[in-house]
Structures are given as structure tokens and as C-alpha cells.
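Residue numbers start from 1 in every chain, and the chains themselves are labelled A, B, ... in the order their sequence lines are given, proteins ahead of strands. As a basis for the values below, the full set of heavy atoms in this structure was taken, side chains included, without hydrogen atoms, waters or symmetry mates. Just so it is clear, the structure is predicted and the values come from calculations on it, not from any experiment.
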There are 2 protein chains.
Amino acid sequence: MNARPAISSQGAATLGALVGIGLGPGDPELVTVKAARLIGEAKTIAYFAKRGRVSHARTIAERYFSKGYEELPLLYPITTEIAFDAPDYVSTLASFYEESAQRIAAVLEEGRDVALLCEGDPFLYGSFMHIFVRLEGRFRVEVCAGVSGMSGCFAAARQPMTWGDDILTVMPATLDEDTLAQRLATTDAAVVMKLGGNFPKLRRAMERAGVVSRAIYVERGAMAGEKIMPFAEKSGDEAPYFSMALVPGQGRRP
Amino acid sequence: MNARPAISSQGAATLGALVGIGLGPGDPELVTVKAARLIGEAKTIAYFAKRGRVSHARTIAERYFSKGYEELPLLYPITTEIAFDAPDYVSTLASFYEESAQRIAAVLEEGRDVALLCEGDPFLYGSFMHIFVRLEGRFRVEVCAGVSGMSGCFAAARQPMTWGDDILTVMPATLDEDTLAQRLATTDAAVVMKLGGNFPKLRRAMERAGVVSRAIYVERGAMAGEKIMPFAEKSGDEAPYFSMALVPGQGRRP
């Protein structure tokens, strides 16, 4: 947790350090005191965004920006939903992360630090991880934990999730229906993320697993436009990407 | 997320509100901006502690206390480890949570608010949940999400945990060895919490599941005295209660 001195590269100019900063689920007040400090100290602030859209991460963090910083937007080349297993998707994203890592590396090589903003917690399904694995070892990389999107949803839904010996399963709705149904049927508590276009498949899996009656649907938890309702009352087949299903545990309660 | 006016109880004096405040994994800087504000505004600050020990929650939050507050320590009656399924344990804890809820309710009934400090995230295996279920409905109860203990450990261990479609299983080491081994063998990523006296059992389960070589042992993550090492290098059968084992996922990485 202590700051280490920047690493000297064989007598060359001192390299900058990268810090991945978890921003929490969306409410700017759910940013940690440490993250707020790091953002305020940052001279170069990087963030991911979809091309042509406002960066969600930047919006959360903006109130903590100080003066005299520069921004390094990393714009995803893909704006429509493509199947995760499509070869084009994988190669396009791999190129994007490689190019983003190189852009950050160029700043670090000039001896300047970079703060990379991350929604939620950086190490839970975070885009930051793709930069981390590419730059760790070459540069000093620090990570500031954040409130995860799912913790934001638990509080928004006012829903205790795991009691005593409960087992919690966290999974993306991008999994196939059989896997979702089997996992939902064999866990005490569950969080299913990234609903989006996978909603109808998740509903079928929830029904097969017999957990619909105690499940909760959370749309944009701890963000503007938050909606919370029993899963069974969610109508239609549409759900935004920033939505989750929660199945609370029912374990030991003294 | 908006503050609601305190509820009037059929024309009687206005009741106070309870807020459960997640404090994060241990580093006081990993408290959220919202939690720091709520703690500073609190007039009555409640927290759990083991009798005769310093409250860990109080230590994390103390720097955010303002003046003119009163403290409401809730002291666990049990200081040694008792088996979770022992009838004495369950009835003793049930009485303790009931009495704690009544002490908090007495303050709320006088029209004063209570802030209850919670380590980690309040709704993930948190003691706060036992108070929440006893007072919700009778009083206004709010919850402020926090950085979970496990997220603190991911960052401390510098370990990306879940990629792409990875399934994450979170479970306490209090489960029996067969369950631990079976779950570890059938998940992409795992977090095992509350090691304590369960460490030798967990080691056997890890070995049976074939995940020892990629597991990490984190002791007091994001707290003073933090220790991180490959699970395979952890010697001895002793581990503190505040220790975790991480099995990182290895999923899709563009």
C-alpha cells in the first residue's frame, strides 16, 4: 500500500507509473477517498469509452479532477454487439488493447504517470486487466480497489446476499442457457451480470432452475435511472448492458 | 440514493434512521467518499467488536469521526471459535443480535439516527445483515455499499480475477472438505474466505481440486501486516480469520 519510488530503467530517464483506479458502481460518492486523491493528483487521465459516447468512467470521476491534467481517451472500435466468440471480435479487441497499452506506455516512457479510470472494481471483469497484463513488469503498475458493480446493486436493492456458509456464484449472462440453469440450480446465491441481449436466455435459465420467485432485477444499480423490481415482474425481452439479476442466499441466520 | 424524510410513526415523535456503512477491507483510505461523509455526520456510531478487543471497524472509521458523537459498541459474547453448527453458538448469537437490534432501536425511537459501521461490504457475509432484517420495516434503514474484503485482496495480490465468461465462486472455508474440493474443481475462479482454523482442510481440498499451483494466499489484505504468497508456499496449519485464498480465472483475453 506504500508508494514505491519510480523504477529507473538502467540509468535512463525515470519511468512513469500506471495506476488503475476503481471508481465504484456509478454514484460519484461511492468513489473511495484514495481514488479521489489519486484522481486529483493525476496529470494524465486515461479512460475507456465507446466511440461517439460519453465515457461512463470519466463522468463518475470528473468531480475529482484538479487543474492542469491531460486526458487520454481510449475509444473502443466496436459499438454494436458482436458475439464474443466471433473471430473478428477477438482480433479487433486484441488490437485495440495492444494499441491502448502502447499509447499509455508512450506516456510512461516520458517519465509521466498515468491514471487509468475503471468502473467498478478493476480486477472483476475489468477492461483495465487487459492493460495490466500488457504493461506489468515493464512499468510500475498500482491498483486501487473499488466498490464492485454488484455491491452497488446489493445496496440499491436493499438485499442481503450471503449468510453464514452460503456459496455465491458470479457469472455473466453471456454463458449458454444450460450452464446458466445448472449453475443457478446448484448455488445458494447468485449474481448474473451483463444481461443486455442475453435477457430472454437468462429468464429461461432462471425458470428451469426454479429461482425466479426469489430473484431481483436491478437496472443501472447506483446510477442515474436506477430501476429495481422482482425478476418475475420484469416485462419484455430488453435489458441494458448495465443490468444484473440477483438471487439472494437463504443460509444460516442466528 | 436520495435521502428520504424520516418516517412519522402515526403522529408520534419522528423516528431516527439507521444507516449501515460499508468501510472497505481495512485501509482507511479505501472508505468511500459517501461513507466518510455519513460517518462525519453521525451522532450515534455503533460497531461490533469482540469483548476485550479493539473494534476493527472503529479503527478503520475513526479518522472520519467528527465531534459530539456518542459510541454504541456491540460486544460479541463469544471470543473463542465454536463450531457453527453447535446449538449453543446459534442461540447465543441469536440472543446477541436480538439484544443489539433492541439497543439500536431504543436510540431510533428517541428520534436519533444511528450509523452502524461494517467491515467490507455490508451485504456480503456482514454482521449488519442480522440487524437489517430485524429493524427493516420498523425503521428507515439505508445501506452504503463498500469495497469488499475480497476486492481489497485482489488489488493487494495484484491479481486480475475474472476474464470474459469466467464463473467466480465465493465461499467460506467453513464448508466441508468434499464441498470445497468439488466447488474448486468446477469453477473458473474462486475466492475462499474465513480461513482461520479451516486452513488444513482447505489445503486438502485445493490439492484434490488440482488448483494449488495457481492459488494465492492473502493474509490481512489491504490491512496492516499484509502478507501475500503463492498458496503452495504457505507453511504451517495456522491462518488468521482475516485471510483468503484466491484462485484466479484464466478465461478469454483478447
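- Annotation: maximal heavy-atom pairing with chain B below 4.5 Å, among A:Ser148, A:Ala173, A:Gly164, occurs at A:Gly164.
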TODO: Tell me, with the steps shown, if A:Phe123 and B:Leu246 meet side chain to side chain contact (heavy atoms under 4.5 Å, CB included).
DONE: CA-CA 12 Å; A:Phe123 278 157; B:Leu246 310 179; over 6 Å; no

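- Taking B:Gly152, B:Ser95, B:Ala189, B:Gly146 one by one and counting their heavy-atom pairs under 4.5 Å with chain A, the maximum is reached by B:Gly146.
- Distance OG1/A:Thr32 to CG/B:Asp27: 8.5 Å, rounded to 0.5 Å.
- With a 4.5 angstrom heavy-atom cutoff, A:Gln159 touches chain B only via backbone atoms.
- For the atom pair CZ (B:Arg183) and CD1 (A:Ile167), the distance works out to 4.0 Å, reported to the nearest 0.5 Å.
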- [ ] Show the numbers, then the answer: is there a side chain to side chain contact (heavy atoms under 4.5 Å, CB included) between A:Leu168 and B:Leu124?
- [x] CA-CA 9 Å; A:Leu168 169 66; B:Leu124 267 181; 3.8 Å; yes

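- Interface remark: B:Phe132 contributes side-chain atoms only to the contact with chain A (heavy atom separation under 4.5 Å).
- With a 4.5 Å cut-off on side-chain heavy atoms, B:Trp163 and A:His130 count as touching.
- Looking only at heavy-atom pairs under 4.5 Å with chain A, the residue among B:Val147, B:Thr169, B:Val143 that has the most is B:Val147.
- The line from CG of A:Asp165 to OG1 of B:Thr179 is 9.5 Å long, rounded to the nearest 0.5 Å.
- Of the listed residues A:Arg37, A:Met129, A:Glu98, the one with more heavy-atom pairs under 4.5 angstrom with chain B than any other is A:Met129.
- Residues B:Arg158 and A:Val141 form a side-chain contact, since some pair of their non-hydrogen atoms from C-beta on lies under 4.5 Å apart.
- Neither the backbone nor the side chain of A:Met193 comes within contact range of chain B; no heavy atoms are under 4.5 Å apart.
- Neither the backbone nor the side chain of A:Phe96 comes within contact range of chain B, judged by heavy atoms closer than 4.5 Å.
- Interface remark: of the candidates A:Thr186, A:Thr162, A:Val170, A:Thr162 forms the most heavy-atom pairs closer than 4.5 Å to chain B.
- Each of A:Met171, A:Met150, A:Met161 has some count of heavy-atom pairs under 4.5 Å with chain B, and the biggest count is that of A:Met161.
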TODO: Would you check, one step at a time, whether the test side chain to side chain contact (heavy atoms under 4.5 Å, CB included) holds for B:Cys144 with A:Leu30?
DONE: CA-CA 8 Å; B:Cys144 178; A:Leu30 290 178; 4.0 Å; yes

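- Closest heavy-atom contact between B:Asp166 and A:Tyr125: O-OH, 2.6 Å.
- A:Phe154 contributes atom CZ, which lies 6.5 Å from atom CG of B:Asp121 (distance to the nearest 0.5 angstrom).
- Heavy-atom pairs under 4.5 Å with chain B were tallied for A:Ala155, A:Pro160, A:Ala35; the largest tally goes to A:Pro160.
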